[in-house]
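Taking it in order: structure first as structure tokens, then the write-up.
Below, chains carry the letters A, B, ... as their sequence lines are ordered, and counting in each starts from 1. These figures come from a predicted structure and were not determined experimentally.
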Amino acid sequence: MPEGHTVHRLARALDGLFGGRTLAVSSPQGRFAGGAALLDGRRVVAVEAWGKQLFCAFAPAGAKGGDGADDVRWLRVHLGLYGAWTFAGDGSADVVHAIGAPRRRIGERETTPDLPAGDALAAEAGDWAPPAPRGAVRLRLVGAHAVADLTGPTACDVVTGREKAAVEARLGPDPIRADGGRGSPEASRAAFVDRVRRSRVTVGQQLMDQAAIAGVGNIYRAEALFRAGLDPLRPGRDVPGPVLAAIWDDLVVLMRDGAATGAIVTTRPEHRVPDGVHGAGRRTRQNTDGTAGAVPADEAFYVYHRDGLPCRVCGAPVLTKELAGRNLFWCGVCQA
DNA sequence: GCTGCATGATGAG
DNA sequence: TCATCCTGCAGCA
């Protein structure tokens, strides 16, 4: 269940593994056979993320043009709730892990036992071959040294540059993008603030609206509202502009950190108490690469998945409520 | 082994 | 507001 930080992280991983390379593209599951054929044998010339949307540019193998060329075809992927990428490689690339829905990290070493003995020997000889696809793999990208398998995406299309631009035009600013997507950090922040304040829809709902701010999901929503001390049910137009601006700035920091480490951590050190003083909370899988274990998973959030447990700051029980089909978590005292 | 849930979004009514 | 799509896994028997 990726929020925007995961998708940006994924874009970097794909670029590192496949950027500049010619790929074999297929659809082992078959449901993307037509699209895969449009990309097979082409070269990756760009990988981008905007919110939860991933775009990967494929140019003809022989072409020297960049991602703006007319003959570029864009792969658009949205992971939705269940989508995930699984990577494996011959060990020559650093980035070998799974990103997306909660699933076990699959590295080169862990997939090796699944390889027939002959393939394992071939890998040792430098003649690497990808492991057989696991599960319903919609899309498989194979380079010389690595493979990426995509399962369960909500969207997986091949689009033109114009169609890509149309998708982006419907998205709000993205706190992880360097300029936020609106030309400058300031313009992006202002676009978010103005949009929220134009509507009486609750600020909790608007934070999940990808047209208002791109990349925020249920965890960042709950945590950002807590850190701002803001009631999720307050109408957007009633929230002071500076409060919304501060939420944007906070999300810039939180989400970029998440993109760097793979884990969402929103608690400040002084609010992380060992020995389960605040209760354990439900376990939430995070797609780290194993290096981001500094903060225990059950100390990472203030309110997300902590309904009924005492608030880390004031001790009042964390509240939950279904809002527009998604679970909302907040502290009724700190966020009054 | 089975069941229900999940960090999402869409289209119909 | 609801049904639907899609998949893996935690939690349970």
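Distances shorter than 4.0 Å separate some side-chain N or O of A:Q210 from OP1 or OP2 on B:dA9. Phosphate proximity of B:dA6 to A:N218: absent, as no side-chain N or O sits under 4.0 Å from OP1 or OP2. Taking side-chain N and O atoms only, A:H78 has a distance below 4.0 Å to OP1 or OP2 of B:dA9. Taking only side-chain nitrogens and oxygens, A:Q29 comes nearer than 4.0 Å to OP1 or OP2 of C:dT7.
The CG atom of A:L141 lies 4.5 Å from the CH2 atom of A:W85; values are rounded to the nearest 0.5 Å. Separation of atoms CD (A:Q206) and CZ (A:F192) is listed at 8.0 Å; rounding is to 0.5 Å.
Taking atom CD of residue A:Q205 and atom C1' of nucleotide B:dG8, one finds them 15 Å apart after rounding to whole Å. Remark: C1' of C:dG8 and CG of A:L79 are 14 Å apart, rounded to the nearest angstrom. Remark: C1' of B:dA6 and CG of A:N327 are 9 Å apart, rounded to the nearest angstrom. Atom pair A:K321:NZ and C:dT1:P shows a separation of 10 Å (rounding to whole Å applied). Regarding A:W85, its CH2 atom lies at a distance of 18 Å from the C1' atom of C:dG8, rounded to whole Å. Remark: C1' of B:dA6 and CD1 of A:I264 are 13 Å apart, rounded to the nearest angstrom. Rounded to an integer number of Å, the gap from CG of A:L171 to P of B:dG8 is 14 Å. In this structure, CG of A:L150 is placed 10 Å from P of C:dT7, rounded to the nearest angstrom.
Among the atoms of the strands shown, none is found under 4.0 Å from any heavy atom of A:A155. Looking at heavy-atom distances under 4.0 Å, A:R31 makes contact with sugar-phosphate atoms alone, never a base. Across all strands, A:R326 comes closer than 4.0 Å to base atoms (heavy-atom distances).
Placement of A:I176 and A:W50 in two distinct hydrophobic clusters is found when ILVMFWY residues are connected by side-chain heavy-atom separations under 4.5 Å, directly or transitively.
The shortest heavy-atom contact between A:P317 and A:G308 is CB-O, 4.1 Å.
To the nearest whole angstrom, the two P atoms, one in C:dG8 and one in B:dT10, are 23 Å apart.
Across A:W330, A:Y220, A:F329, a single residue satisfies ring pair (Phe, Tyr, Trp, His ring centres under 6.0 Å) together with A:Y304, and that is A:F329.
Considering only the side chain of A:K52, B:dG8 comes nearest among B:dA6, C:dT7, B:dG8.
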